[in-house]
Amino acid sequence: MIHYKELGLVNTKDMFKKAMSGGYAIPAYNFNNLEQLQAIIMGCLESKSPVIIQVSKGARDYANQTLLRFLAQGAMEIVKASEHPIPVALHLDHGDSYELCVSCIESGFSSVMIDGSALSYEENVALTKKVVDFAHKYDVTVEGELGVLAGIEDEVSHEKSHYTDPDDVEDFIKRTGVDSLAISIGTSHGAYKFKLKPGEEVPPLRFDILEEIEKRIPDFPIVLHGSSSVLPEYVKIINNNGGDLEGAVGVPEDQLRKAAQSAVCKINIDSDGRLVVTAMIRKEMKDNPKNFDPRKYLGPAREELKKMIIQKNRTVLGSADRA
Ligand code: G3H
Ligand code: 13P
Ligand code: ZN
């Protein structure tokens with residue numbers, strides 16, 4: 001067992017407390033490889049933002065759980081040696097079992113999500129409580145989820161969304177002891193969040209449900225998944241360079257900015273990073289057909305991802321200059 005504090009990581013407790021009172025949200029960026037992690041860490045150091053770096057079950061399977069953990073450990077050495085260190089939490093995204101959460105906690109994660117949202121309410125309560133009981137022995141924070149987000153990802157897939165029922169939240173947090181709660185108010189996973197007819201606008205998030213939840217559990221940290229904006233400039237680069245992402249659409253940034261000013265303390269962004277990387281690689285490949293050095297297309301992708309992260313921290317999350 002290695003405890004996260006030995007690695008210089010923090011749990012999410014203090015981060016969320018400051019985000020709540022400061023009216024901003026902590027960015028939670030997913031990573032699967034070296035370049036994504038470099039971009040996240042360098043982008044957050046440069047913008048002086050606290051950050052949650054998160055790993056899904058799919059990421060662990062793809063990159064090897066040991067290697068991912070050492071990548072995160074290496075990133076922490078860079079953070080500690082920097083002029084202005086920032087708080088970093090290493091988080092399991094969409095943990096689907098008690099065993100997976102325990103394995104992550106034992107290998108140095110400072111925070112885990114147990115996603116029981118597809119279970120019955122009582123099963124969700126029981127599983128979440130079991131994870132909380134273990135995690136809290138090690139001062140690891142736990143995110144639970146109530147309500148179901150639509151969307152299709154490799155490991156996370158639901159056809160239809162069910163908004164979180166405000167009547168459930170108080171009972172759920174009391175009985176489970178979770179430290180934060182992911183809710184469903186109209187966001188969804190992936191790059192096709194809304195099916196729009198020509199001329200139709202993206203429907204607004206259900207801020208009425210969020211407000212009702214805030215009334216029931218005042219000052220409790222709320223998490224938004226599925227919060228990529230699917231930035232049109234990157235979709236355009238992809239489509240102009242051999243890709244086909246017709247109809248890709250995300251959550252408008254002004255809606256996320258509004259959410260960040262509320263009890264929403266953590267905003268999850270994965271697809272936007274995937275789009276940036278794909279756009280830059282496609283462009284580099286097309287512009288330089290003779291190149292076969294991966295550094296020459298992964299490098300620009302990493303640089304653009306870092307820029308996007310700085311921009312998000314400054315203008316969407318409001319987390320820049322808060323570390
Ligand atoms: O919400 C899901 C995240 O974007 C992770 O996706 O399971 O394909 O790694 P993944
Ligand atoms: P996006 O697909 O909108 O980036 O959501 C990511 C997410 O919720 C990770 O848990
Ligand atoms: Zn998610």
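Indexing begins at 1, ligand by ligand and atom by atom, following the structure's order.
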Checklist outcome for this item: Of Asn11, Ile105, Val112, Thr12, the one forming a side-chain contact (heavy atoms from CB on, under 4.5 Å) with Val142 is Val112
How does [X] reach ligand 1, if at all, at less than 4.0 Å between non-hydrogen atoms: by side chain, backbone, both, or neither?
| X | answer |
| --- | --- |
| His94 | side chain |
| Met113 | neither |
| Asn30 | side chain |

Checklist entry - At a 4.0 Å threshold, what atoms of ligand 1 neighbour a non-hydrogen atom of Asp270? => result 3 (C), 4 (O), 5 (C), 6 (O)
Run the numbers for me: atoms of ligand 2, each under 4.0 Å from some heavy atom of [X], listed by number.
| X | answer |
| --- | --- |
| Ile269 | 4 (O) |
| His94 | 10 (O) |
| Lys193 | 1 (P), 2 (O), 3 (O) |
| His225 | 8 (O), 10 (O) |

Looking at ligand 2, does any of its N/O atoms fall within less than 3.5 Å of an N/O of [X]?
| X | value |
| --- | --- |
| Gly190 | yes |
| Asp272 | no |
| Asn30 | no |

Checklist entry - Does His225 reach ligand 1 with a nitrogen or oxygen that is under 3.5 Å from one of the ligand's nitrogen or oxygen atoms? => result no
Checklist entry - Does Arg274 come within less than 4.0 angstrom of ligand 2, counting non-hydrogen atoms of the residue? => result no
Checklist outcome for this item: Check: of Gly250, Ser228, Gly273, Gly226, min heavy-atom distance to atom 8 (O) of ligand 2 comes from Gly226
Item to check | Atom OH of Tyr121 with >12 non-hydrogen neighbours under 6.0 angstrom | outcome: yes
Checklist entry - Heavy-atom contacts under 4.0 Å between Ala28 and ligand 2: side chain, backbone, both, or neither? => result neither
Item to check | ligand 2 contact on Asp93 by region, counting heavy-atom pairs under 4.0 Å | outcome: side chain
Checklist entry - With side chains defined as the heavy atoms from C-beta onward, is the minimum distance between Leu224 and Ile183 less than 4.5 Å? => result yes
Item to check | Validation row: Leu210, Leu205 side chains within 4.5 angstrom (heavy atoms) | outcome: no
Checklist entry - Hey, mind stepping through Lys137 and Asp133 against salt bridge (Lys or Arg N to Asp or Glu O under 4.0 Å) and telling me if it holds? => result CA-CA 7 Å; Lys137 281 191 226 160; Asp133 287 346; over 6 Å; no
Less than 3.5 Å apart, any donor N or O on the side chain of [X] or [Y] sitting next to an acceptor on the other?
| X | Y | answer |
| --- | --- | --- |
| Asn313 | Tyr29 | yes |
| Arg274 | Ser228 | no |
| His136 | Asp179 | yes |

Considering only distance and modelled atom types, tabulate donor-acceptor pairs under 3.5 Å from the side chains of residues 78-93, sequence neighbours left out.
{"residue": "Lys80", "atom": "NZ", "partner": "Glu77", "partner atom": "OE2", "Å": "3.0"}
{"residue": "Ser82", "atom": "OG", "partner": "Val79", "partner atom": "O", "Å": "2.7"}
{"residue": "His84", "atom": "NE2", "partner": "Ala323", "partner atom": "O", "Å": "2.9"}
{"residue": "His91", "atom": "ND1", "partner": "Ser111", "partner atom": "OG", "Å": "2.8"}
{"residue": "His91", "atom": "NE2", "partner": "Glu143", "partner atom": "OE1", "Å": "3.4"}
{"residue": "Asp93", "atom": "OD2", "partner": "Asn30", "partner atom": "ND2", "Å": "2.9"}

Only distances under 3.5 Å count here; give the side-chain donor-acceptor pairs of residues 300-311 to other protein atoms, sequence neighbours excluded, each with its distance to 0.1 Å.
{"residue": "Arg302", "atom": "NH1", "partner": "Gln38", "partner atom": "OE1", "Å": "2.6"}
{"residue": "Glu304", "atom": "OE2", "partner": "Tyr234", "partner atom": "OH", "Å": "2.7"}
{"residue": "Lys306", "atom": "NZ", "partner": "Glu46", "partner atom": "OE1", "Å": "2.8"}

Checklist outcome for this item: Output field for angle at the Zn ion (ligand 3), His225.ND1 vs His94.NE2, rounded to 10°, should show 90°
Next on the checklist: Parallel, tilted or perpendicular, judged at 30° and 60°: which one describes the rings of His3 and Tyr138?
Outcome noted: tilted
